[in-house]
Amino acid sequence: MTDPGKPSHFIRDAVVEDLRTGRFPGVVTRFPPEPNGYLHIGHATAICLDFGMAAEFGGHCNLRFDDTNPVKETQEYVDQIMRDVRWLGFDWGDHLYHASDYFEQLYDWAVQLIKAGKAYVDDLTAEQMAEHRGTLTAPGRESPYRTRSVDENLDLFARMRAGEFEDGTKTLRAKIDMASGNINLRDPVMYRIRKTSHQRTGDTWCIYPMYDWAHGQSDSIEGVTHSLCTLEYEDHRPLYDWYLEALGIFHPRQIEFARFNLSHTMMSKRKLLTLVEDGVVTGWDDPRMPTLAGLRRRGYTPGSIRDFADRVGSAKAPKTVELGHLEHCLREDLNKRALRRMAVLRPLKVVIENYPEGQTEELEAVNNPEDASAGTREVPFSRELWIDEDDFKEVPPPKYFRLSPGVEVRLRYAYIVKCTGVEKDAAGNVVAIRCTYDPDSRGGDARGRKVKGTIHWVSAREALPAEFRLYDTLFTAPKPDDAEDFKAVVNPNSLETAQGWVEPSFRDADADDRFQFERVGYFCVDSRDSSPSRLVFNRAVGLRDTWAKIEKGMSP
RNA sequence: UGGGGGAUCGUCUAGAGGUAGGACGCCAGGUUCUGGCCCUGGUAGCGGGGGUUCGAAUCCUCCUCCCCCAGCCA
């Protein structure tokens with residue numbers, strides 16, 4: 001089952017050990033999102049781990065919504081999360097659950113703890129409770145209500161459920177240890193009163209369980225063996241274990257791993273929400289967002305994200321992965337699969353003086369040199385073409401292989417042309433280039449001469465207009481989370497728009513289709529704004545650009 | 001001056017007493033009708049001090065630095 005050649009990680013090791021010792025007969029995991037926001041690339045690594053471990057050991061992974069706080073959660077988020085998990089390539093089968101499915105059971109168990117003298121109803125206000133909790137270095141003080149009788153607690157708790165008390169006036173707390181060095185053990189709240197209707201249970205409940213009280217028990221009910229979560233819950237494990245022990249029910253094992261940060265972005269759902277609400281981005285699915293919805297719209301493939309998760313691995317040390325790592329995974333995936341096309345982002349007119357006016361010929365172009373089965377297509381060629389501004393320089397710098405006066409270049413899949421002159425406007429800007437072509441140099445001819453440069457082009461008459469959205473990182477700082485104000489390091493140039501042309505084969509492109517625009521980058525048809533009459537492409541990631549590096553090295 | 005974790009190339013990650021390896025990045029070269037892909041080579045690391053040992057990234061010890069926790073959020 002496990003690939004022996006592949007390095008393991010501490011979680012896999014732990015699972016293998018648990019199976020070997022018989023602590024658990026099999027493996028059941030769970031991915032437990034709270035439906036209060038969109039899933040992001042950080043969640044993706046958790047999803048890959050949860051579903052991946054289950055699959056690797058022949059078990060299954062549950063999708064469980066941690067819907068214990070109705071004031072923050074919505075059905076829209078639930079729907080989006082399911083869509084994103086599926087898109088990533090995972091299937092929970094019949095194992096779709098909600099913490100809210102267990103509210104009745106959780107209530108019964110709370111009663112059981114009260115009867116055992118391990119839980120009590122507290123009347124302290126939130127402020128008083130904070131005050132009693134002590135500090136990191138000083139122990140807390142016990143609540144005056146801590147010694148209520150079992151009967152009184154039972155009566156009060158039933159009346160809490162019945163709605164007799166207002167929000168915030170009472171809580172149910174576990175009776176553990178107010179002097180514990182672990183603050184989570186200083187009589188944690190199990191239930192709070194929230195007279196808010198819940199997206200699934202409606203107004204059935206006005207008391208809602210806290211995360212700690214719901215999570216472990218939900219795991220137990222579902223027979224989860226390995227409850228994998230992030231490091232900030234490490235301090236909660238003693239409480240997780242305490243509840244399970246106190247109840248005497250099936251005891252899953254919680255294992256914590258480090259969440260990761262991606263450079264030039266941030267994952268806090270709260271901050272992402274702020275970006276959406278403040279209009280810094282156009283929504284949760286803005287292609288600059290690290291959300292799965294944003295990455296999908298940007299042009300990322302699920303496979304590239306899974307590969308990325310795999311490479312980043314699972315460990316306990318905090319890490320900030322360079323964005324380049326993610327981009328590499330995308331390029332590698334798309335290089336194998338994306339169809340090649342030609343597009344001109346910043347158009348410059350080329351007139352081929354010795355090519356017959358009114359003539360058009362169809363030239364054969366390879367769809368994907370990495371995949372012969374992708375076949376070929378025909379692209380029209382004519383006297384007037386568009387090329388990219390970057391591919392012409394009146395005064396070429398050293399090592400510039402592209403077009404300039406007197407120089408020859410290959411037009412991809414077409415002819416070799418030579419620049420014979422330029423046309424300028426009154427201000428001296430180059431507005432068109434004049435060339436001659438060599439009729440014997442047609443693309444595909446084996447006897448072809450070699451020239452230093454090859455550039456891409458689109459026939460002006462047949463070209464389709466298109467908008468290109470060129471993205472840069474949303475933040476200028478490598479670690480925006482470290483900034484005092486993350487809004488201050490938002491990149492003002494994270495989106496640049498260009499109007500250009502694409503070859504006519506795009507007449508019937510579908511939303512989310514991804515292509516490689518030769519020599520430029522990988523682009524995706526925008527799922528929101530693109531239409532047959534107005535094509536819009538998002539740049540997922542540029543091609544590696546060694547010329548840009550050379551050029552950068554030349555300028556001071 | 002509480003509790004819980006963590007530290008290996010610039011970044012991520014292997015290594016469980018026996019030559020510190022891989023990936024990304026970067027540099028150099030080869031190939032090329034994409035300055036892409038691919039191929040070759042190079043660069044660069046065990047936080048620090050003691051100790052055990054023939055031998056330590058690994059075991060012991062002291063120290064340093066970093067992260068998390070004081071919601072009726074998850």
Side-chain angles (χ1 to χ4, degrees), chain A residues 6-9 32-34 36 66 68-69 71-73 122 124-126 129-131 133-140 167-173 179-186 188-194 207-208 210-212 214-215 229-238 256 258 260 263 269-270 311-329 331-332 335-336 340 342 366 369-370 399-402 409-414 416 441 443-445 448 450-456 516-521 542-550:
Chain A
K6 193 168 126 186
S8 190
H9 50 68
E34 182 190 14
N36 68 341
D66 236 326
T68 56
N69 186 0
V71 307
K72 291 184 172 180
E73 300 155 2
D122 198 352
L124 253 29
T125 63
M129 199 180 290
E131 193 187 309
R133 189 155 26 234
T135 68
L136 293 180
T137 53
D167 285 13
T169 57
K170 281 183 167 46
T171 56
L172 182 73
R173 294 227 262 169
S180 173
N182 182 345
I183 290 175
N184 295 119
L185 262 20
R186 318 240 264 230
V189 171
M190 295 166 65
Y191 279 94
R192 74 288 213 184
I193 301 172
R194 285 264 186 290
I207 57 172
Y208 291 95
M210 296 289 288
Y211 163 84
D212 287 300
H215 200 81
C229 60
T230 48
L231 239 35
E232 63 267 32
Y233 293 103
E234 211 155 20
D235 283 344
H236 293 243
R237 181 161 21 99
E256 312 84 10
F260 80 101
S263 73
K269 272 201 261 185
R270 197 196 94 243
R311 294 188 196 213
V312 164
S314 304
K316 300 199 75 160
K319 55 192 163 195
T320 299
V321 182
E322 288 174 349
L323 223 207
H325 234 98
L326 214 209
E327 294 181 332
H328 168 81
C329 293
R331 287 196 189 100
E332 191 176 75
N335 176 54
K336 286 179 299 195
R340 311 291 128 120
M342 290 198 284
V366 172
E370 309 292 323
K399 293 184 188 158
Y400 186 77
F401 305 155
R402 281 110 99 146
V409 296
R410 155 82 57 188
L411 291 177
R412 179 82 161 146
Y413 300 119
I416 291 173
S441 64
D445 282 2
K450 295 213 185 293
V451 288
K452 199 73 174 163
T454 297
I455 64 173
H456 58 94
Q516 182 198 98
F517 288 157
E518 294 210 41
R519 304 208 312 131
V520 180
L543 251 26
R544 281 185 75 237
D545 189 350
T546 54
W547 167 245
K549 272 188 226 166
I550 295 168

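Each chain gets a letter, A, B and so on, in the order its sequence line appears, and its residues count up from 1. What you see is a predicted model; the values in this text were computed from it and never measured. Side chains are part of it too, since the values below use all heavy atoms of this structure and drop only hydrogens, waters and symmetry mates.
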I'd like to know if the side chain of Thr230(A) reaches the main chain of Glu232(A), judged simply by a donor and an acceptor atom lying under 3.5 Å from each other, with no hydrogens or angles considered. no
Any donor-acceptor N/O pair under 3.5 Å between G35(B) base and Arg402(A) side chain: yes
Side-chain contact check for Glu234(A): nearest option of G5(B), C12(B), G35(B) is G5(B)
Using the P atom in both, what is the distance from C9(B) to G47(B), to the nearest Å? 7 Å
Can a side chain N or O of Lys269(A) be found less than 4.0 Å away from OP1 or OP2 on C73(B)? no
Any side-chain N or O of Arg544(A) under 4.0 Å from OP1/OP2 of C26(B)? yes
Between C12(B), U34(B), C37(B), which nucleotide gets closest to the side-chain atoms of Asn335(A)? C37(B)
Lys/Arg-Asp/Glu bridge criterion (N-O < 4.0 Å) met for Glu34(A), Lys72(A): no
Is the phosphate of C73(B) approached by Arg194(A) (side-chain N or O, under 4.0 Å from OP1 or OP2)? yes
Would you mind classifying the nucleic acid contact of Ser263(A) as base, sugar-phosphate or nothing, using non-hydrogen atoms under 4.0 angstrom? nothing
Determine the interatomic distance between C1' on U52(B) and the same-named atom on U61(B); round to the nearest Å. 11 Å
Can you tell if the side chain of Arg340(A) reaches within under 4.5 Å of the side chain of Glu370(A), non-hydrogen atoms only? yes
Nearest whole Å is fine: how far is G71(B) P from Asp235(A) CG? 14 Å
What integer number of Å spans the P atoms of U1(B) and U43(B)? 44 Å
Please state how far atom CG in Leu231(A) lies from atom P in C68(B), giving the value in whole angstrom units. 10 Å
Its glycosidic angle compared against 90° from 0, G71(B) adopts the form syn
Can you tell me the Watson-Crick or wobble partner of A7(B), both distances under 3.5 angstrom? U64(B)
Ser180(A) (side chain) donor-acceptor with Ile183(A) (main chain) under 3.5 angstrom: no
Please classify the nucleic acid contact of Tyr191(A) as base, sugar-phosphate, or nothing, using heavy-atom distances under 4.0 Å. nothing
Salt-bridge test for Arg544(A) and Glu327(A): reply yes if a basic N is under 4.0 Å from a carboxylate O, no otherwise. no
May I have the distance from Lys549(A) (atom NZ) to A28(B) (atom C1'), rounded to whole angstrom? 12 Å
Side-chain N or O of Lys319(A) closer than 4.0 Å to phosphate OP1/OP2 of U13(B): yes
Aromatic stack Trp547(A)/G35(B): centroid gap under 5.5 Å, interplanar angle under 30°: yes
So, does Lys452(A) get its side chain near the phosphate of U32(B), meaning an N or O under 4.0 Å from OP1 or OP2? no
Residue Thr171(A), side-chain atoms from C-beta onward, closest of A74(B), C72(B), G2(B): C72(B)
Which part of the nucleic acid, if any, lies within contact of Phe517(A), taking any heavy atom under 4.0 Å across all strands shown: a base, the sugar-phosphate backbone alone, or nothing? nothing
Does U53(B) pair with anything, Watson-Crick or G-U wobble, both distances under 3.5 Å, and if so, with which nucleotide? none
Please state the C1' separation for the pair G25(B) and U11(B) - nearest whole angstrom. 8 Å
Base-pairing assignment for G41(B) (Watson-Crick or G-U wobble, both under 3.5 Å): C27(B)
Look at all strands and tell whether Tyr413(A) reaches a base, only sugar-phosphate, or nothing, counting heavy atoms closer than 4.0 Å. base
Using the closest heavy atom to pick a nucleotide of RNA chain B for each, name whichever of Asp545(A) or Pro318(A) lands nearer the 5' end. Pro318(A)
Let's test this: given Watson-Crick or G-U wobble pairing with both distances under 3.5 Å, identify the partner of U19(B). none
Given that both distances must come in under 3.5 Å, which nucleotide forms a Watson-Crick or G-U wobble pair with C73(B)? none
Taking only the side-chain nitrogens and oxygens of Arg133(A), find out if one of them lies under 4.0 Å from OP1 or OP2 of G71(B). yes
In Å, rounded to the nearest 0.5 Å, how long is the span from CD of Glu73(A) to OG1 of Thr68(A)? 5.5 Å
For the pair Tyr211(A) and His236(A), name the ring-plane relationship: parallel under 30°, tilted 30 to 60°, perpendicular over 60°. perpendicular
Tell me what Glu256(A) touches on the nucleic acid: a base, only sugar-phosphate, or nothing, going by heavy atoms under 4.0 Å. nothing
Distance check: side-chain N/O of His325(A) vs OP1/OP2 of U11(B), anything under 4.0 Å? no
If I take atom OH in residue Tyr211(A) and atom C1' in nucleotide C73(B), what distance separates them, rounded to the nearest angstrom? 12 Å
If you measure from the C1' atom in G45(B) to the same atom in G10(B), how many Å do you get, rounded? 10 Å
Does the ring center of Phe401(A) lie less than 6.0 Å from the ring center of Trp547(A)? no
Rounded to the nearest 0.5 Å, what's the gap from CD1 on Ile416(A) to NZ on Lys450(A)? Could you check? 9.5 Å
Under 4.0 angstrom between Arg412(A) side-chain N/O and G36(B) OP1 or OP2: no
Distance-only donor-acceptor test, Glu322(A) side-chain atoms vs G10(B) base atoms, 3.5 Å: yes
Scanning all shown strands, the Watson-Crick or wobble mate of U1(B) with both distances under 3.5 Å is none
Determine whether a donor-acceptor pair (one donor, one acceptor, N or O, separation below 3.5 Å) exists between the side chain of Glu370(A) and the base of G36(B). yes
Please check the phosphate of C24(B) (OP1 and OP2 only) for any side-chain N or O of Arg311(A) closer than 4.0 Å. no
Check this for me: does the side-chain of Asn182(A) come within 3.5 Å of the base of G4(B) through a donor and an acceptor? no
Suppose you measure atom C1' in G15(B) against the same atom in A56(B); what distance do you get, rounded to whole Å? 13 Å
So does Arg519(A) get a side-chain nitrogen or oxygen closer than 4.0 Å to the phosphate oxygens (OP1/OP2) of G35(B)? yes
Assign each of Thr68(A) and Thr546(A) to its nearest nucleotide of RNA chain B by heavy atoms, then name whichever residue's nucleotide is nearer the 5' end. Thr546(A)
Roughly how many Å apart are G4(B) and A23(B), using the P atom of each and rounding to a whole number? 39 Å
When the C1' atoms of C26(B) and A44(B) are compared, how many Å lie between them, rounded to an integer? 10 Å
Which one, A74(B), A14(B), G4(B), comes nearest to the side chain of Glu34(A)? A74(B)
